[in-house]
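These values consider heavy atoms only, across backbone and side chains, with no hydrogens, waters or symmetry-generated copies. Keep in mind it's a predicted model, so treat the numbers as computed, not measured. Residue numbers begin at 1 in each chain, while the letters A, B, ... track the order of the sequences.
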There are 2 protein chains.
Amino acid sequence: MLNKNVFLEKYFLMTRSEENYLKTIFHLGGGDSKSITTNAIAEQMETKPSSVTDMAKKLSEKGLVDYVRYQGISLTDAGVKTALSIIRKHRLWEVFLVEKLDFTWDEVHEVAEQLEHIKSEKLIDKIDELLDFPKYDPHGDPIPTKDGKFQERDEKLLSEMPINSKGICVGVKDSSVPFLKFLDKNKIALGNTITIMDKEDFDHSLRIRMEGKEMRISHQIASNLYVKKND
Amino acid sequence: MLNKNVFLEKYFLMTRSEENYLKTIFHLGGGDSKSITTNAIAEQMETKPSSVTDMAKKLSEKGLVDYVRYQGISLTDAGVKTALSIIRKHRLWEVFLVEKLDFTWDEVHEVAEQLEHIKSEKLIDKIDELLDFPKYDPHGDPIPTKDGKFQERDEKLLSEMPINSKGICVGVKDSSVPFLKFLDKNKIALGNTITIMDKEDFDHSLRIRMEGKEMRISHQIASNLYVKKND
DNA sequence: ATCTATTTTTAGTTTTGTCTAAATTTAATT
DNA sequence: AATTAAATTTAGACAAAACTAAAAATAGAT
């Protein structure tokens, strides 16, 4: 009826499903005007390629993605902005759940998937403030700022660190529940300082010192842990 | 496929819309096996009677309401239990927004309407704990316990209090945004002790003393404020 | 350059929740 | 008891978001 409402409806009122598509496309790298295939999106979202095509048309209509039949999908600037605002909400909620409600690493994702769709700018800004404007989420992933800026980290995989170097544990590459539970069980937490004592040529396992204790970790673990170089 | 999943689907997985219907029916008094009319529900939810009929059938199928054609709708025990769990979530989130995020009375409802549908028992229990198990929400309405018990209050409307009596402000009858804004502006807050100094026969307005200040309030205001008798 | 195999799209269907318009039941009035 | 008014339900339609199956386009291999 009103022009203003048409505008609002088209550009600001996103459904949960639309938001999930944008987020997925961003995570698959579609933010750098790189085309993501229909199949890749379908696989990631555990849905069918035909459903992705339908949504591609819809998001293209709204100016959030660039879509050419058979050529794949990439985010427009508006699409990136929207995706980042959802990721920002997701990661802030994750911090909230861990810091304020004592959730463990592996429990937060599912709940944050729901909370990220709550529509209230004031709410998420206040949560940000309550948490004292955190820069990283519990998995070590950077939290975009309100104006959509990312603060990337100078980080390396633990497996790539040289012998005798030190690093602070800042994130995980694999954020699956089994891996996070493993870390919890072995008291490997973000912020811990890790010293690489020795590397085993045979199986690429590492001997490390952490929180005063020495332990051996497999290559598989070491290649899924990010550390920030310390010296 | 599995029997267990059929069970879960039918009895536990509620859609947002189903939850809103149950909540509305409860608020209209349908919890005491009192029949609520199709029209009343439609009006409250700003929808059409035919939509209510459709949902009545669906909820009846699920064993959450008793529904007889042309005779109205009431909640079953299971329906009451579900409604109370949603109301519990709504009111706890309201407390959270006011206590932890400095929302004002009039801002909380809209956001709580969204948050009440988040599905995670652990989340709401932890929020409850974080808030130190509050008994009332910011509007003074009682918060049902985890096992669905209500703690009703010994409360009166301010307009019904005798001269020279004292009361503690515990809730509002009208929770519309304009009224809540009025209260904020005039520094009338939950917990304030109010002494009734005088009542004016002509317009039923009241002269009261609150927080050391004397003021006059109209009958309309006084008949929308609940107080707990103090002496 | 042609032929497969794969990917992607189209067309048509389903489910959920809504709507309108028409039909039916209940309630109220004479 | 008959009639009218109001409330309620049915039937049929639609939009969103998914699906299946069939058709079309692309890419890879010979």
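A cation-pi geometry, defined here as NZ or CZ lying under 6.0 Å from the six-membered ring centre and within 45° of its normal, does not hold between A:K126 and B:F103.
Between B:E110 and A:K122 no salt bridge is recorded (no basic side-chain N to carboxylate O distance below 4.0 Å).
As rounded to whole Å, 16 Å separates atom C1' of D:dA6 from atom NZ of B:K48. One can place CE of B:M14 at 13 Å from P of C:dT16, the figure rounded to the nearest angstrom. Distance, B:D54 CG to D:dC14 P: 17 Å, rounded to whole Å. If you take OH of B:Y21 and C1' of C:dT16, they are 12 Å apart, rounded to a whole angstrom. Going from atom CD of B:E18 over to atom P of C:dT15 covers 15 Å, rounded to whole Å. A straight line from CE of B:M55 to P of C:dT15 spans 16 Å, rounded to a whole angstrom. What separates CD of A:Q71 from C1' of C:dT9 is a distance of 13 Å, to the nearest Å. Rounded to an integer number of Å, the gap from A:I41 CD1 to C:dT9 C1' is 14 Å.
Residue A:K57 has a polar side-chain atom (N or O) positioned under 4.0 Å from OP1 or OP2 of C:dT10. Contact annotation: A:S51 side-chain N/O to D:dC19 OP1/OP2 distance is under 4.0 Å. Listed pair B:N39 / D:dA6 fails the phosphate criterion, with no side-chain N or O lying under 4.0 Å from OP1 or OP2. Between D:dT8 and B:Y67, no contact under 4.0 Å exists linking OP1 or OP2 to a side-chain N or O. Look at B:T37 and you won't find any side-chain N or O under 4.0 angstrom from OP1 or OP2 of D:dA7. Phosphate contact (OP1/OP2 of D:dA16, side-chain N/O of A:S17, threshold under 4.0 Å): absent. An OP1 or OP2 oxygen of D:dT10 is reached within less than 4.0 angstrom by a side-chain nitrogen or oxygen of B:R69.
For A:F96 and B:F96, the distance between ring centers is under 6.0 angstrom.
Side-chain atoms of B:T47 lie closest to C:dC19 of the nucleotides C:dC19, D:dA18, D:dT9. In this structure, of C:dT7, C:dT25, C:dC19, it is C:dT25 that holds the atom nearest to the side chain of B:Y70.
Taking the six-membered ring where the residue is Trp, A:F179 and A:F182 present parallel rings, their angle staying beneath 30° rather than reaching 60°. Taking the six-membered ring where the residue is Trp, B:W105 and B:H139 present perpendicular rings, their angle passing 60° and hence far from 30°.
A:S50 comes within 4.0 angstrom of a base, heavy atoms only.
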